[in-house]
Amino acid sequence: MRDIATRCGVSISAVSLVLNDQHDGRVSVDTAERIRQATEELGYLPNLAARGLRTRQTRTLGLLSDGVASVPFSGQMLAGAQSTAWREGYVLLLVDMAGNPDMEGPAVRSLLQRSVEGLIVAVDFHREIDPPRLPRPVPQVILGGRPRGGNADWVVPDETAGARAATHHLIDAGHRRIAFCNVSAPAFAIAEALRREGYERALAEAGLCLDESLVVEAPEPNASAAREPARRLLRRSDRPTAVFCFSDRLALGFYQAAAELGLGIPGDLSVVGFDNQQNFAENLFPGLTTVQLPHYQMGVRAAERAIARLRGDGGDGPAGHFVSCPLVVRDSVAAPFGRTPELSTRRTTPAI
């Protein structure tokens, strides 16, 4: 700052006023511009650590990731949090545990030692976690999951509404025998319950009775696990005309089973998935109609909540926040053979 003042022929206090955007009415416009130009030419950077000691604000958020950084489609959560933090004048420090729970304690301590003001904990799928225990009060937001306890906000996808919109899309196309392929893996207990709830709610709203024989489960959310339950459904004499799947990869299993049995999609079977996995659903043939997991928007919301807490306008206490899961319409849904879709005036989650 002394070098800048010498070059511009001004006082150090004038330089400080300009660099801290407090110069209006105190330093002339021309002088302020000369100071900024000299700052650029000399490569001056303020010492944020020193400023943080004075203001007790580091403008830094910590993000603890449990494997999210290594999952391509979930990585959008980190991008959303990063872009929002940057827009609001914060820097995001990321530590990814890569699925190693032993890293949590050292990772949290490392972030706190760097004086992060808020902590976002990102998980790879919708589940309950124990929030990290912190030695001092720091606002926490769980991104993609829910806390079992503790003082933490949480941000998750609205999976019930997404599943409801997917099922309504099939109903609006004229389908009445709509199967649901869920997943039985305990790790996905929250998501499978919410997505089934949306499926059943849509049937009830349309006046359709739930047929339990049309609800099947795969042990894991992948194509190979879905092929056998798909074959059982599609070999029936009263087979369904459409299926809503817990995930895009389960939907792929139905594509494969239908091909084995000589059934066409969507002519003989309409299929809707869930997730809209990057570079996957759109590259199936035909393109898979599915529900978008809003990873980027969830990251945005998590950073917004952390910053709101720091500003003191985050509400009375921890709260859950649901992010809309829009329907992505492609080519895997058509009217049942020989039937014209019924017109509907009902508004559902918008398609993109």
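Predicted, not measured: the structure shown is a model, and the values here were computed from it.
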Quick check: does any side chain N or O of [X] sit under 3.5 Å from a backbone N or O of [Y], one acting as donor and the other as acceptor?
| X | Y | value |
| --- | --- | --- |
| Ser16 | Ile12 | no |
| Ser332 | Val271 | yes |
| Gln292 | Leu327 | no |
| Arg239 | Leu269 | no |
| Thr31 | Val27 | no |
| Arg330 | Thr289 | no |
| Asn276 | Thr290 | no |
| Ser83 | Gly80 | yes |

Using side-chain heavy atoms (C-beta onward) and a distance below 4.5 Å, is [X] in contact with [Y]?
| X | Y | answer |
| --- | --- | --- |
| Leu19 | Thr39 | yes |
| Leu61 | Leu310 | yes |
| Ile265 | Phe254 | no |
| Leu119 | Leu111 | yes |
| Arg195 | Thr160 | no |
| Phe274 | Leu293 | yes |
| Val333 | His169 | yes |
| Val138 | Glu117 | no |

* **Of all pairs that satisfy salt bridge (charged side-chain N to carboxylate O under 4.0 Å, His left out), the ones with a partner from residues 2-13, not counting sequence neighbours** => Arg7-Glu41
* Asked: So which pairs with a foot in residues 241-267 pass salt bridge (charged side-chain N to carboxylate O under 4.0 Å, His left out), sequence neighbours left out?
  -> Arg231-Glu260
Would [X] and [Y] show up in the same hydrophobic cluster when neighbours are defined by side-chain heavy atoms closer than 4.5 Å?
| X | Y | answer |
| --- | --- | --- |
| Met97 | Val121 | yes |
| Leu94 | Leu92 | yes |
| Leu143 | Ile129 | no |
| Val300 | Met77 | no |
| Phe244 | Val329 | yes |

Got a second to check how far [X]'s [atom1] is from [Y]'s [atom2], nearest 0.5 Å?
| X | Y | atom1 | atom2 | result |
| --- | --- | --- | --- | --- |
| Leu252 | Gln277 | CG | CD | 10.5 Å |
| Thr167 | Arg201 | OG1 | CZ | 11.0 Å |
| Ile142 | Ile120 | CD1 | CD1 | 10.0 Å |
| Leu210 | Leu203 | CG | CG | 6.5 Å |
| Asp211 | Arg177 | CG | CZ | 5.5 Å |
| Leu170 | His175 | CG | NE2 | 6.0 Å |

Distance-only donor-acceptor pairs under 3.5 Å for side chains of residues 214-226, two or more places apart:
from	atom 1	to	atom 2	distance (Å)
Asn222	OD1	Ser224	OG	3.0
Asn222	OD1	Ala225	N	3.0

Do [Y] and [X] meet the salt-bridge criterion of a basic N to acidic O distance under 4.0 Å?
| X | Y | result |
| --- | --- | --- |
| Arg164 | Asp158 | no |
| Arg146 | Glu128 | no |
| Asp124 | Arg127 | yes |
| Arg196 | Glu192 | no |

For [X], give me all partners under ring-ring contact (aromatic ring centres under 6.0 Å, His included), at least two apart in sequence or on another chain.
| X | value |
| --- | --- |
| Tyr255 | none |
| Phe246 | none |
| Tyr296 | none |

* Count the heavy atoms of every other residue, nucleotide or ligand shown that sit under 6.0 Å from CZ of Arg26, and state whether that count exceeds 12. =>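 Open.
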* Whether over 12 other heavy atoms sit under 6.0 Å from Glu212 CD ->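 Yes.
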Identify the two heavy atoms, one from [X] and one from [Y], that lie closest to each other, and give their separation to 0.1 Å.
| X | Y | answer |
| --- | --- | --- |
| Gly273 | Ala251 | CA-CB, 4.4 Å |
| Gly145 | His126 | CA-CD2, 4.4 Å |
| Gly162 | Val291 | O-CG2, 3.5 Å |
| Leu63 | Ala122 | CD2-CB, 4.1 Å |
| Ile171 | Ala206 | CD1-CB, 3.7 Å |
| Arg176 | Thr241 | N-OG1, 4.5 Å |

Any residue meeting side-chain contact (heavy atoms from CB on, under 4.5 Å) with [X], in chain and number order, not counting sequence neighbours:
| X | answer |
| --- | --- |
| Asp24 | none |
| Arg114 | Leu93, Ser110 |
| Val323 | Val155, Pro294, Gln297, Met298, Arg301 |
| Pro266 | Ser270, Pro286, Ala334 |

* Summary of ring pair (Phe, Tyr, Trp, His ring centres under 6.0 Å) pairs that have at least one residue in residues 200-235, sequence neighbours excluded -> none
* All pairs passing ring pair (Phe, Tyr, Trp, His ring centres under 6.0 Å) where residues 184-242 contributes a residue, at least two apart -> Phe125-Phe188, Phe180-Tyr199
* Kindly indicate, with the supporting measurements, whether the criterion salt bridge (Lys or Arg N to Asp or Glu O under 4.0 Å) is fulfilled by Asp313 and Arg311. => CA-CA 6 Å; Asp313 56 3; Arg311 291 174 175 168; 5.9 Å; no
* To do: Take Asp153 and Arg309, measure what side-chain contact (heavy atoms from CB on, under 4.5 Å) needs, and give me the verdict at the end.
  => CA-CA 9 Å; Asp153 280 41; Arg309 288 287 177 197; 2.9 Å; yes
